[in-house]
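Working notes for the structure below.
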Amino acid sequence: MRREREPVDAMAEWCNTEVVLSVVGGKWKLLILRYLLAGTHRFGELRQAMPTVTQRMLTRQLRELEADGLVSRTVYPEVPPRVEYALTEAGETLRDIIGQLDAWGSWYRRHRKAQARDPGQAGTGN
């Protein structure tokens with residue numbers, strides 16, 4: 001049974017981080033947004049880019065991002081229907097943040113590898 005997320009408007013004013021995590025948190029949302037930063041993609045392209053996500057989960061995450069106004073979904077009247085996903089103006093505002101998170105992830109991987117090579121460096125901030 002899936003729990004419904006607390007509406008953003010009902011979240012405590014003092015914790016904007018909770019709002020961020022509610023809207024873009026989870027394993028797939030930031031990754032979906034990162035791919036859409038490169039431009040519009042069809043569902044199948046997103047699925048190929050993330051081979052370990054299930055079709056059901058990708059659909060759910062895209063619907064939530066659309067409901068939150070970060071992603072737009074365009075259905076073209078063709079047979080079979082063509083559906084494309086793109087970032088909205090609000091989604092585009094995440095570009096710098098996602099770039100910073102990506103850079104931090106790269107730094108953190110290097111940091112952990114360095115710690116594994118030289119455990120004496122743990123906790124020194126290097």
Side-chain angles (χ1 to χ4, degrees):
M1 185 164 104
R2 190 174 131 216
R3 276 188 328 144
E4 289 300 315
R5 173 176 91 179
E6 180 181 7
V8 170
D9 295 344
M11 293 179 183
E13 287 289 324
W14 52 266
C15 193
N16 291 321
T17 303
E18 183 180 359
V19 172
V20 173
L21 292 175
S22 175
V23 175
V24 298
K27 184 173 182 179
W28 302 109
K29 286 184 180 179
L30 280 173
L31 195 53
I32 292 166
L33 292 167
R34 193 179 119 232
Y35 284 115
L36 292 176
L37 285 171
T40 301
H41 288 289
R42 294 175 69 173
F43 183 88
E45 294 170 328
L46 291 170
R47 182 88 196 276
Q48 268 187 331
M50 298 175 283
T52 58
V53 67
T54 64
Q55 182 170 334
R56 181 174 178 234
M57 180 56 74
L58 181 57
T59 299
R60 184 171 139 198
Q61 299 291 276
L62 284 165
R63 283 183 183 156
E64 288 179 12
L65 288 167
E66 184 181 7
D68 287 329
L70 300 179
V71 170
S72 66
R73 178 178 185 264
T74 304
V75 180
Y76 294 91
E78 301 172 356
V79 178
R82 177 171 48 113
V83 180
E84 293 182 341
Y85 296 90
L87 291 181
T88 62
E89 188 176 329
E92 276 290 336
T93 65
L94 293 166
R95 183 175 294 277
D96 290 343
I97 295 166
I98 291 170
Q100 290 172 349
L101 286 170
D102 194 55
W104 185 85
S106 178
W107 169 84
Y108 189 71
R109 283 179 186 252
R110 290 189 312 272
H111 174 72
R112 296 293 292 177
K113 285 179 184 176
Q115 282 183 329
R117 284 192 305 271
D118 185 4
Q121 291 294 321
T124 64
N126 293 339

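Note that the numbering runs from 1 along the sequence shown for the chain. All values reported here derive from a predicted model rather than from experimental measurement.
- In this structure, E78 places its CD atom where more than 12 heavy-atom neighbours from other residues, nucleotides or ligands lie under 6.0 Å away.
- The two residues A86 and T40 come nearest to each other via the heavy atoms CB-OG1, 3.5 Å.
- The cluster map of Ile, Leu, Val, Met, Phe, Trp and Tyr, joined by side-chain heavy atoms under 4.5 Å apart, puts Y76 and L36 in different clusters.
- Between H111 and Y108, the two ring planes are tilted [angle within 30° to 60°].
- Between H41 and Y35, the angle of the ring planes goes over 60°, which puts this pair in the perpendicular group of the 30/60° scheme.
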| message | Between T59 and R63, is the side-chain hydrogen bond (donor to acceptor under 3.5 Å, both in side chains) condition met? List the steps. | response | CA-CA 6 Å; T59 299; R63 283 183 183 156; 5.7 Å; no

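- Once rounded to the nearest 0.5 Å, the distance linking CG of L46 with CD of E84 reads 10.5 Å.
- A 4.5 Å side-chain heavy-atom check between L70 and T93 finds every atom pair outside the cut-off.
- No side-chain heavy atom of V53 sits under 4.5 Å from any side-chain heavy atom of K27.
- Put simply, the side chain of L65 reaches to within 4.5 Å of the side chain of K29, judged on heavy atoms.
- Atom CG of L101 sits about 12.5 Å away from atom OG of S106, to the nearest 0.5 Å.
- Heavy atoms of other residues, nucleotides or ligands lying less than 6.0 angstrom from CZ of R82 number more than 12.
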| task | Any chance you could lay out the side-chain contact (heavy atoms from CB on, under 4.5 Å) test for T17 and L21, step after step, and finish with the verdict? | result | CA-CA 6 Å; T17 303; L21 292 175; 4.2 Å; yes

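- Shown here for I32 and M50, the closest heavy-atom pair between the two residues is CG1-CE, 3.6 Å.
- We find the CD-CZ distance between Q48 and R42 to be 11.0 Å, quoted to the nearest 0.5 Å.
- Side-chain contact between Y85 and V71 is present, with at least one heavy-atom pair separated by less than 4.5 Å.
- If you take CG on L33 and CD1 on I98, they are separated by 4.5 Å, rounding to the nearest 0.5 Å.
- Between R60 and W28, the closest side-chain pair of non-hydrogen atoms is not below 4.5 Å.
- The minimum heavy-atom distance between G69 and A90, with the atom names listed, is O-CB, 3.6 Å.
- At a threshold of 4.0 Å, the pair E92-R95 counts as salt-bridged, since one of the basic side-chain nitrogens sits closer than that to a carboxylate oxygen.
- Here the closest non-hydrogen pair linking M57 and T54 is N-OG1, 3.0 Å.
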| side-chain contact (heavy atoms from CB on, under 4.5 Å) between L94 and L87: does it pass, once the steps are laid out? | CA-CA 10 Å; L94 293 166; L87 291 181; over 6 Å; no

